[in-house]
Amino acid sequence: MSVDTAAPGAATSRPGSAPLLDVREVTRHFTVSGTRIDVLHDCTFQVERGEVVAIVGQSGSGKSTLLNLLGLLDRPSGGTYTFDGVDTTRLGEGPRSRLRGEGVGFVFQQFHLLERRTALANVGVPMVLGGVPLLRRRARARALLEAVGLEHRLHSQPHQLSGGEQQRVALARALSREPALILADEPTGALDAASSTMIMEQLLEQARIRDAAVVVVTHDPKVAARADRVVELVEGRTR
Ligand SMILES: Nc1ncnc2c1ncn2[C@@H]1O[C@H](COP(=O)(O)OP(=O)(O)OP(=O)(O)O)[C@@H](O)[C@H]1O
Ligand SMILES: [Mg+2]
């Protein structure tokens, strides 16, 4: 993965040697009507390539806030977050969003698919943003949808798909640029047992066959049990 740096010396790529994610003493606070709300305090952990980590914790403990930081959708208030050898806290907006586009795939609880666009088109969206040419995009989207068992639903729009099928489209979309990191926030929360097993199997397979790191927020003990490691957030602190 190549990224430009914001300032000379801001980032050093050390592929293979360092953990993929290195989170050190990360904090995040928000200010609401002049009052400071401390959400994350001193979160420290690492995630290796190919590792599946479950983040668990009570509602409001900061799981989604942490996931947004890991996905470079948000910046920490303090501490450092190193992604693939790059100190992201020192990156400007352009390099950060390129790193996010190339390096991170997201799966959300509510799928966030584009309505009135087919499954094929939805899976192609990150590749459009990444400048992948049309024919390659189509072929790859088709292959990804086949891999999640949706070869018979390529031209269906989200409202014509079941919840489990929509989540599989969202997963195919997240994988379309072969990210080093896959982030999933309650990806099985809206699904029945069979669909959630399938989504989890797909996430585990990505970690195994492509050496991608997977970080999954979950309330489901069955999902957490399949992870290599569980990080518990208690009032914004990692355990
Ligand atoms: N942009 C924001 N501004 C102010 N407060 C916020 C913001 N985002 C999150 N918070 C607060 O941070 C706390 C943690 O929120 P977060 O969404 O990370 O929790 P969570 O662990 O994901 O909970 P859930 O399991 O319910 O999804 C909450 O108290 C929330 O109100
Ligand atoms: Mg949440």
Side-chain angles (χ1 to χ4, degrees), residues 21-47 51-83 88-89 91 93 96-97 100 103-113 158 163-164 166-171 173-174 179 181-193 195-197 199-200 202-204 207 212-239:
L21 310 184
D22 192 358
V23 180
R24 290 194 185 251
E25 295 174 9
V26 159
T27 62
R28 181 69 170 107
H29 61 256
F30 300 99
T31 304
V32 178
S33 308
T35 304
R36 175 170 151 163
I37 304 175
D38 289 293
V39 175
L40 297 177
H41 316 258
D42 291 345
C43 291
T44 298
F45 61 96
Q46 286 82 39
V47 180
E51 196 178 20
V52 180
V53 175
I55 298 182
V56 302
Q58 289 189 339
S59 178
S61 59
K63 304 180 297 296
S64 296
T65 303
L66 178 60
L67 217 67
N68 289 339
L69 294 174
L70 298 182
L72 304 170
L73 292 169
D74 185 25
R75 288 177 183 270
S77 310
T80 57
Y81 171 36
T82 306
F83 183 114
T88 66
T89 34
L91 286 181
E93 271 315 313
R96 257 169 67 85
S97 80
R100 179 170 60 237
V104 188
F106 296 91
V107 185
F108 298 99
Q109 180 171 7
Q110 298 304 333
F111 324 141
H112 294 309
L113 297 175
Q166 289 182 60
Q167 191 59 304
R168 282 186 271 158
V169 174
L171 178 62
R173 178 184 58 185
L181 171 65
I182 300 161
L183 298 176
D185 198 348
E186 290 281 354
T188 64
L191 306 181
D192 64 21
S195 299
S196 63
T197 301
I199 292 292
M200 198 55 198
Q202 292 280 348
L203 287 171
L204 294 169
V214 176
V215 179
V216 53
V217 167
T218 187
H219 283 112
D220 183 345
K222 281 201 201 119
V223 170
R226 303 293 307 274
D228 297 317
R229 196 151 53 87
V230 176
V231 171
E232 189 182 6
L233 261 186
V234 180
E235 291 174 359
R237 289 186 165 80
T238 47
R239 295 220 172 146

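Note that ligands are numbered from 1 as they come in the structure, with each ligand's atoms numbered from 1 the same way.
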| request: Could you go through the side chain to side chain contact (heavy atoms under 4.5 Å, CB included) check for Val214 and Leu204 one step at a time? | output: CA-CA 8 Å; Val214 176; Leu204 294 169; over 6 Å; no
| query | Which is it for Asp185 and Gln109 under the side chain to side chain donor-acceptor pair (under 3.5 Å) test, yes or no, and what are the steps along the way? | reply | CA-CA 6 Å; Asp185 198 348; Gln109 180 171 7; over 6 Å; no
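For Ser195 (side chain) and Leu191 (main-chain N/O), no donor-acceptor pair under 3.5 Å exists by modelled atom type. No side-chain donor-acceptor contact under 3.5 Å links Thr27 to the backbone of His41. The closest donor-acceptor contact from the side chain of Asp228 to the backbone of Val52 lies under 3.5 Å. Remark: the backbone N or O of Ala54 is not paired with any side-chain donor or acceptor of Arg229 at under 3.5 angstrom.
Residues Thr65 and Asn68 bring no donor and acceptor atom of their side chains to less than 3.5 Å of each other.
Within a 4.0 Å radius of atom 20 (P) of ligand 1, the protein contributes one or more non-hydrogen atoms.
What sits closest to atom 17 (O) of ligand 1 on the protein, heavy atoms only, is Ser64 CB, 3.7 Å. Distance from atom 25 (O) of ligand 1 to its nearest protein heavy atom, with residue and atom name: Lys63 NZ, 2.7 Å. At the shortest separation from atom 12 (O) of ligand 1 among protein heavy atoms lies Val39 CG2, 3.1 Å. The closest protein non-hydrogen atom to atom 26 (O) of ligand 1 is Ser59 OG, 2.6 Å. Protein heavy atom closest to atom 5 (N) of ligand 1, with residue, atom name and distance, is Phe30 CD1, 3.6 Å.
Ordered by chain and number, Ser64 OG make up the set of protein N, O or S atoms under 2.8 Å of the Mg ion (ligand 2).
Surrounding CD of Gln46 are more than 12 heavy atoms belonging to other residues, nucleotides or ligands, all under 6.0 Å away.
Distance check, rounded to the nearest 0.5 Å: CZ of Arg100 to CG of Leu91 gives 11.0 Å. How far OG1 of Thr31 is from CD1 of Ile37: 8.0 Å, rounded to the nearest 0.5 Å.
Close contacts of ligand 1 with His219, meaning ligand atoms under 4.0 Å from a residue heavy atom, involve 25 (O).
Selection from Asp74, Thr35, Thr65, Val56 by nearest heavy atom to atom 18 (O) of ligand 1 gives Thr65. With distances taken over non-hydrogen atoms, the option nearest atom 29 (O) of ligand 1 out of Gly189, Gly62, Gly60, Gly236 is Gly60.
Using a 4.0 Å cut-off between heavy atoms, Val32 contacts ligand 1 through its side chain alone, with no backbone atom that close.
Under the 30°/60° scheme for interplanar angles, the aromatic rings of His112 and Phe108 are found to stand perpendicular.
Residue contact annotation: Gln58 has a non-hydrogen atom under 4.0 Å from ligand 1.
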